[in-house]
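Structure first, then comments.
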Amino acid sequence: MNKRTQIILFTSFSIILGPVIVLEFILKLTGKILDIMGWLCWMEPRMARKGWDELIKKIKESWNTN
């Protein structure tokens with residue numbers, strides 16, 4: 001494989017795979033944020049006291065996986 005072909009392949013993969021990797025990270029982060037927000041909105045005020053530890057665990061888990 002000559003240099004020109006290598007440069008073309010590298011450029012094409014960079015243009016295609018770069019945004020896909022960034023988009024995957026953004027979608028994963030957005031999903032976790034929406035999961036936490038949905039859980040907060042679903043919680044009733046009476047449950048908030050009881051479920052607070054579970055919410056903290058969810059936030060720490062999503063923070064540690066990224």
Side-chain angles (χ1 to χ4, degrees):
M1 209 184 298
N2 60 15
K3 285 283 189 191
R4 183 176 178 207
T5 308
Q6 287 178 345
I7 291 172
I8 291 172
L9 283 174
F10 177 73
T11 305
S12 63
F13 279 120
S14 298
I15 289 172
I16 294 170
L17 291 179
V20 169
I21 292 170
V22 170
L23 185 64
E24 182 240 348
F25 174 74
I26 290 172
L27 288 175
K28 195 187 311 184
L29 184 65
T30 304
K32 289 180 182 182
I33 289 172
L34 288 175
D35 181 38
I36 291 170
M37 293 300 291
W39 197 82
L40 276 174
C41 293
W42 172 77
M43 235 178 8
E44 294 179 17
R46 295 175 303 194
M47 282 182 54
R49 187 86 172 152
K50 208 174 3 174
W52 191 251
D53 293 332
E54 187 176 341
L55 176 65
I56 299 290
K57 187 172 71 174
K58 273 182 174 274
I59 292 172
K60 284 182 181 177
E61 180 182 300
S62 67
W63 182 263
N64 289 332
T65 55
N66 281 338

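Atoms considered below: every heavy atom in the structure, side chains included; atoms not considered: hydrogens, waters and symmetry mates. Positions are given from 1, in the same order as the sequence printed here.
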Practice item. Taking all non-hydrogen atoms of both residues into account, name the closest pair between Pro19 and Ser14 and its distance. Key: CD-O, 3.8 Å
Point to revise | CD1-OG1 distance between Ile33 and Thr30, expressed to the nearest 0.5 angstrom | key: 6.0 Å
Point to revise | Spacing of CD1 belonging to Ile21 relative to CD1 belonging to Ile26, to within rounding of 0.5 Å | key: 12.5 Å
Review point. Only one of Leu9, Ile16, Thr11, Ile15 clears side chain to side chain contact (heavy atoms under 4.5 Å, CB included) with Phe13; which?
Key: Leu9
